[in-house]
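Reviewing the structure listed below.
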Amino acid sequence: MANAGLQLLGFILASLGWIGSIVSTALPQWKIYSYAGDNIVTAQAIYEGLWMSCVSQSTGQIQCKVFDSLLNLNSTLQATRALMVIGILLGLIAIFVATIGMKCMKCLEDDEVQKMWMAVIGGVIFITSGLAILVATAWYGNRIVQEFYDPMTPVNARYEFGQALFTGWAAASLCLLGGALLSCSCPRKTTSYPTPRPYPKPTPSSGKDYV
């Protein structure tokens with residue numbers, strides 16, 4: 001039997017990872033302008049996300065522009081968007097499925113084996129969600145590295161990793177770890193033994209001895 005505390009810990013970690021994936025998707029700091037060259041103006045910070053690009057002035061004023069055309073975006077950004085949305089939707093499904101399989105819940109308490117299998121399925125979906133988020137963030141990060149070290153990229157057009165990218169990596173790790181802990185709820189096979197037969201009761205003695 002799986003430990004209920006370990007199962008609850010896995011559910012909490014995976015849920016935190018799911019929340020982190022939503023935060024990462026919404027944040028615009030996926031890549032931040034790199035001040036790597038000379039004569040760079042540091043009075044403003046430029047960063048881009050999955051949905052918009054923003055410019056932050058030293059005075060505290062922030063101006064953002066939402067990407068206009070979906071078809072005009074590069075393939076990496078489109079794929080990252082799709083994978084992050086898929087990961088969030090899978091995480092939402094995993095939360096509902098895993099909640100049914102939690103030992104602290106009353107659902108399916110009559111069938112303990114099926115209840116444990118629901119927790120396992122929820123954990124597998126969490127792992128799939130974490131993999132989708134991990135692939136999305138790793139793909140986007142790899143694109144940033146390639147453009148940074150590309151000699152054809154101007155020095156004043158290079159970007160570095162942003163906070164949202166690190167948040168996505170942390171979210172993917174939590175989903176994978178939490179899903180793995182939930183998957184430990186897999187019911188073990190038990191050896192079935194035949195039901196012992198009751199011994200026949202001795203007939204009561206009549207109190208008379210016959211010769």
Heavy atoms, side chains only, cut-off 4.5 Å: are [X] and [Y] in contact?
X: Tyr159; Y: Glu147; result: no
X: Leu27; Y: Leu50; result: no
X: Leu89; Y: Val85; result: yes
X: Glu48; Y: Ile32; result: no
X: Trp51; Y: Pro28; result: no
X: Gln7; Y: Leu182; result: yes
X: Asn142; Y: Gln146; result: yes

So the ring-ring contact (aromatic ring centres under 6.0 Å, His included) pairs with at least one residue in residues 9-32 (sequence neighbours excluded) are Trp30-Tyr140
First locate atom CD of Gln63, then atom NZ of Lys65, and finally report the distance between them rounded to the nearest 0.5 Å.
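If we round to the nearest 0.5 Å, Gln63:CD and Lys65:NZ are 11.5 Å apart.
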To the nearest 0.5 Å, tell me how far Thr137 OG1 sits from Trp169 CH2.
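Taking OG1 in Thr137 and CH2 in Trp169, the distance rounds to 6.5 Å.
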Of all heavy-atom pairs between [X] and [Y], which one has the smallest distance, and what is that distance?
X: Ile62; Y: Cys54; value: CG2-CB, 4.4 Å
X: Thr76; Y: Thr80; value: O-OG1, 2.7 Å
X: Ala14; Y: Cys175; value: O-SG, 3.8 Å
X: Leu73; Y: Gln78; value: O-NE2, 3.1 Å
X: Met52; Y: Val66; value: CB-CA, 3.9 Å

With side chain to side chain contact (heavy atoms under 4.5 Å, CB included) as the criterion, how do Lys31 and Phe161 come out once you've worked through the C-alpha distance, each side chain's angles and the decisive distance to 0.1 Å?
CA-CA 5 Å; Lys31 61 179 183 180; Phe161 297 154; over 6 Å; no
Exam field: side chain [X] to backbone [Y], donor-acceptor pair closer than 3.5 Å:
X: Arg158; Y: Tyr33; result: no
X: Ser24; Y: Gly20; result: no
X: Ser56; Y: Ala45; result: no

Give a yes or no on whether [X] and [Y] share a hydrophobic cluster (residues Ile, Leu, Val, Met, Phe, Trp, Tyr; joining criterion: side-chain heavy atoms under 4.5 Å apart).
X: Trp139; Y: Leu165; value: no
X: Ile12; Y: Phe96; value: yes
X: Leu77; Y: Leu83; value: no

Tell me every residue that passes ring pair (Phe, Tyr, Trp, His ring centres under 6.0 Å) with Phe67, counting only those two or more places apart in sequence or in another chain.
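Counting only residues at least two positions away or on another chain, Phe67 forms no ring pair (Phe, Tyr, Trp, His ring centres under 6.0 Å).
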List the steps, then state whether side chain to side chain contact (heavy atoms under 4.5 Å, CB included) holds for Arg143 with Asn74.
CA-CA 11 Å; Arg143 179 65 181 267; Asn74 59 70; 4.1 Å; yes
Give the table of side-chain donor-acceptor pairs shorter than 3.5 Å for residues 124-136, with sequence neighbours excluded, one pair per line with atom names and distance.
unit_1	atom_1	unit_2	atom_2	d
Thr128	OG1	Val124	O	2.9
Ser129	OG	Gly87	O	2.5

